[in-house]
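Just so you know, ligand 1 is whichever comes first in the structure, and atom 1 is the first atom listed for that ligand.
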Amino acid sequence: MPRVFSGIKPTGDMHLGNYVGAVGRWVEDQDRNDALFCVVDLHALTMPWDPAQLTARTREVATLLMAAGLDPDRCTLFVQSHVPEHSVLTWLLNNVATYGELRRMTQFKDKSATHESLSVGFFDYPVLMASDILLYDTDEVPVGDDQRQHVELTRDIAQRFNHRFGQTFVLPKATFPPAGARVMDLQNPTKKMSKSEDSPEGTVLVLDDPKVVAKKIKRAVTDSGSEVRYDPDEKPGVSNLLELHAALSGGTIAASEKEFAGLQYGALKSAVAEVTVEALRPVRERYAELSADPAELDRLLAIGAEKARSTAAPVLERAYRNAGLLMPAGLRRTG
Ligand code: TRP
């Protein structure tokens with residue numbers, strides 16, 4: 001079975017775009033693959049953070065992932081900082097990645113244009129991500145399109161390492177959501193749904209009250225004309241609603257288009273509001289249940305970290321040995 005790895009940052013609230021585009025795919029992936037999913041708290045340190053909020057968000061995201069259907073018995077779900085091998089491999093790979101290639105990363109270029117004092121950690125973000133992926137002999141990395149460049153860099157680093165030190169790392173491949181799994185902002189449907197702070201009305205949060213969910217969808221910006229038709233260029237608002245309807249009702253875009261052909265925008269919005277509220281209801285309920293028992297979350301995350309380490313430690317050892325670092329016997333783990 002292919003090994004799959006993906007990560008989600010514990011920053012910001014989980015929204016419908018994350019749920020449909022990423023987490024929903026992960027839930028499907030967990031049975032078809034040997035899958036690891038990671039709450040990447042170390043990546044959250046690359047921009048200024050509030051410690052108490054980081055702790056709370058880390059728990060919240062881990063709980064939400066389980067509430068959304070990631071089952072700790074069917075996949076490995078863990079918190080990045082619980083597996084110290086991620087930081088250790090990052091240092092090794094820092095000496096294989098080059099300053100020039102990190103400087104060319106879009107994320108760095110964009111942020112450095114507007115931020116005065118970015119941390120070294122921010123600059124190094126892609127190497128930490130490469131370590132996440134390479135530590136598990138990962139075959140596939142399901143990500144959004146914005147992460148394409150990072151996965152390509154991961155391949156470059158792995159290839160360079162293998163070339164210099166002998167076969168060590170598996171070369172991973174990024175996989176992207178199918179068309180229709182990209183949820184756009186409800187107020188600005190040519191832009192991807194993203195942080196709620198940027199667009200509170202255009203972003204549906206997974207934990208929003210059902211009334212709020214319905215309200216946001218009913219107030220979604222639609223397009224001129226009145227015809228319900230799937231046409232992302234000419235009708236981005238309506239097309240986004242059709243995609244959501246298809247994704248959340250488990251059908252195809254063509255089927256949703258047919259269902260609403262000849263009807264008004266209002267009918268489409270009501271239907272999308274209803275399928276969204278119904279899709280999120282079990283997640284909210286399960287979230288409430290799970291968050292009532294934080295000790296159970298800690299227990300499950302400890303098991304996840306132990307499972308992750310049993311895969312990561314031998315890969316780190318391989319990299320150490322091939323790079324010529326002397327492995328002390330005491331650090332060696334079996335697994
Ligand atoms: N950089 C990713 C994002 O911002 C999160 C991430 C960190 C990740 N490590 C990863 C994704 C490893 C896939 C694999 O969305």
Pair Q30-D71, side-chain hydrogen bond (donor to acceptor under 3.5 Å, both in side chains): steps then yes or no: CA-CA 8 Å; Q30 64 184 337; D71 177 351; over 6 Å; no

Atom CD of E278 with >12 non-hydrogen neighbours under 6.0 angstrom: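 Yes, enclosed.
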
Neighbour count above 12 (heavy atom, 6.0 Å) for K191 NZ: yes

Which protein heavy atom lies closest to [atom], and at what distance to 0.1 Å?
atom                    : answer
atom 12 (C) of ligand 1 : F5 CE2, 3.6 Å
atom 9 (N) of ligand 1  : D132 OD2, 2.7 Å
atom 4 (O) of ligand 1  : Y125 OH, 3.1 Å
atom 11 (C) of ligand 1 : G7 N, 3.4 Å

Note: R309-E306 ion pair, threshold 4.0 Å (strictly below):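 No salt bridge links R309 with E306.
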
SB check E317 R321 (cutoff 4.0 Å):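 Here E317 pairs with R321 in a salt bridge, since their nearest N and O are under 4.0 Å apart.
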
Residue part near ligand 1, for I133, under 4.0 Å between non-hydrogen atoms: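 Under 4.0 Å from ligand 1, I133 contributes side-chain atoms alone.
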
Per-residue contact class, V143 against ligand 1 - non-hydrogen pairs under 4.0 Å: side chain

Note, L205 side chain near M14 side chain (heavy atom, < 4.5 Å): no

Which of the ligand 1 atoms, numbered from 1, are nearer than 4.0 Å to a heavy atom of V40: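 Those of ligand 1 that fall under 4.0 Å from V40 are 7 (C), 9 (N).
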
Residue H43 vicinity, atoms of ligand 1 by number, heavy atom under 4.0 Å: 7 (C), 9 (N)

N or O contact, H150 vs ligand 1, cut-off under 3.5 Å: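 No, since none of the N or O atoms of H150 sits under 3.5 Å from an N or O of ligand 1.
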
Any donor-acceptor pair under 3.5 Å from S199 side chain to K195 backbone: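 Side chain of S199 to backbone of K195, a donor-acceptor pair under 3.5 Å: no, none is there.
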
